[in-house]
Amino acid sequence: MSHFLMVPDLGSDGLTEALRLAADSKRDLTEYAGAMRGQKVGLFFEKPSTRTRVSCEVATVELGAHPVVLKADEVGLGKREAVEDVGRVLDRYLDMLAFRVFDHQNLVKMAGSSAAPVVNLLSDRSHPCQALADLETIAEHMPLDEAKVAYIGDGNNVCHSLMLAGAMSGSEIRVAGPAGYEPGADIVAEASSIAAGSGGRIMVTRDVAEAVEGADVVYTDVWTSMGQESEAADRIEMLMPYQVTRELFESAADDAIFMHCLPAHRGEEVTNEVLEHGRSRIFDQAENRMHSFRGLLLYLNG
Ligand code: CP
Ligand code: NVA
C-alpha cells in the first residue's frame with residue numbers, strides 16, 4: 001500500500017485503475033460492497049469540510065469499513081504532540097489515515113511515520129481527492145485525452161492537483177490568473193514534464209480569453225482559500241478581472257461544461273448565472289467526490 005499525498009503518487013496506471021473502480025462502483029455497488037469489511041479508516045480535519053467529510057465517510061461505510069472521524073482540536077497535531085507520534089499511534093488502530101491539514105509538510109511527516117497509507121484530504125499545496133472527482137466528471141463529458149480545460153483564477157491547491165491529474169491523463173490544462181497568484185513554479189514544471197510524456201499540455205497565461213477559447217471545461221475555485229481570510233480584500237481586487245461571467249463561459253466551446261470544487265463564493269470567482277447554467281456540472285462533480293473516493297479506497301486496498 002502506498003500513500004496518496006499528490007496525484008502522481010498513484011502513477012498513471014494507478015490513476016486509471018482508481019478512476020475505473022470509481023466509475024464501475026458508481027454503476028453498480030453490489031460487487032464492491034463489503035470489499036473492506038472489518039477495516040478502519042481515520043478521517044481527520046484541521047479545517048471545515050462538507051463534501052469531503054460526508055462523501056469519504058459514506059464511501060468508507062459502503063465498502064464495509066468503519067470510519068473514525070477526528071477533529072483538529074481533539075488531536076492537536078504538532079501541538080499536543082509531535083506529528084510523527086500521532087502517525088505512529090494511529091497506525092496501530094487504523095488501516096488508513098486520511099488527513100485534511102493546513103501545512104502539507106505535516107502530511108509528509110505523517111507519511112514518513114505511519115505504516116498505514118496516508119491520504120491527503122486537502123492541504124495548502126494540493127487536493128488530490130478533488131482531482132479524482134474532477135477527472136471522473138470530465139470523463140463523463142468527453143475522453144480525458146481530448147479535453148481542453150481552462151482553470152481561471154487563483155493558482156491554488158485545487159489548481160495544482162487539476163494540473164497534475166490533467167497532465168497524467170493527456171489533457172490540455174490552461175491556467176489563467178493575475179501576477180502573484182500563479183500556480184507554484186515547481187508544480188508547473190512537474191505537470192509540464194508529465195504532459196510531455198502523456199501527450200497532454202500545460203499552459204499558464206494572464207490572458208483569460210486565450211485560456212477559455214475553444215475550452216471544453218471552464219473551472220474555477222474560490223479566491224480566498226481556508227486560512228487566507230485576512231487577505232480576502234486584496235484577493236478580490238486582484239482577481240476580479242478573472243471572474244467567470246456568463247459572457248466568459250459562453251466564449252468557450254459550444255458544449256463546454258462549468259466546474260467548481262465547491263464551496264463557491266457566489267458573486268466573487270463566479271456569477272450565480274454560471275453556477276446555475278444548464279451546462280454547470282457542479283453538483284455531479286460534488287457527487288463524484290463519493291464515487292472517486294470509493295475508487296481510491298478500492299485501489300489502495302489492492
Ligand atoms: N470540495 C471540497 O473539498 O469541499 P469541502 O471543503 O466541503 O470538503
Ligand atoms: N481552495 C479551497 C478549496 C476548498 C475545497 C481551499 O483550500 O479552501
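Whatever order the structure lists them in is the order used to number ligands and atoms, beginning at 1. Bear in mind the structure is a predicted one, so any value in this text is a computation, not a measurement.
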TODO: For this output row, return yes or no: ring centroids of His277 and Phe249 closer than 6.0 angstrom.
DONE: yes

TODO: For ligand 1, note which part of Gln285 has a heavy atom under 4.0 Å away: side chain, backbone, both or neither.
DONE: neither

Task: Gap separating the CD atom of Glu62 from the CE atom of Met290, nearest 0.5 angstrom - done: 5.5 Å

TODO: Provide, to 0.1 Å, the distance between atom 7 (O) of ligand 2 and the closest protein heavy atom, together with that atom's residue and name.
DONE: Asn157 ND2, 2.8 Å

Open item on the list: If the contact criterion is a heavy-atom separation under 4.0 Å, does His127 count as touching ligand 1?
Closed with: yes

- [ ] Please name the residue in the list Asn156, Thr220, Asp134 that meets the side chain to side chain donor-acceptor pair (under 3.5 Å) test with Tyr151.
- [x] Asn156

Open item on the list: Within this structure, what is the CG-CD1 distance for the pair Leu144 and Ile138, rounded to the nearest 0.5 Å?
Closed with: 6.5 Å

Task: Sub-4.0 Å atoms of ligand 1 with respect to non-hydrogen atoms of Arg289 - done: 1 (N), 2 (C), 3 (O)

TODO: Among all protein heavy atoms, pick out the one at the shortest distance from atom 7 (O) of ligand 1; state its residue, atom name and that distance to 0.1 Å.
DONE: Thr50 N, 2.7 Å

- [ ] Check whether any heavy atom of Leu262 sits under 4.0 Å from an atom of ligand 1.
- [x] yes

- [ ] Using distance alone, decide if ligand 2 has a nitrogen or oxygen within less than 3.5 Å of any nitrogen or oxygen in His127.
- [x] no

Open item on the list: Can you report which non-hydrogen protein atom sits closest to atom 4 (C) of ligand 2, along with the distance?
Closed with: Leu122 CD1, 3.8 Å

Task: Contact check: Met226 vs ligand 2, nitrogen or oxygen atoms, below 3.5 angstrom - done: yes

Open item on the list: One residue to check: Asp154. Relative to ligand 2, which of side chain, backbone, both or neither has a non-hydrogen atom less than 4.0 Å away?
Closed with: neither

- [ ] Around atom 4 (O) of ligand 1, find the nearest protein heavy atom and jot down its residue, atom name and distance.
- [x] Arg51 NE, 2.8 Å

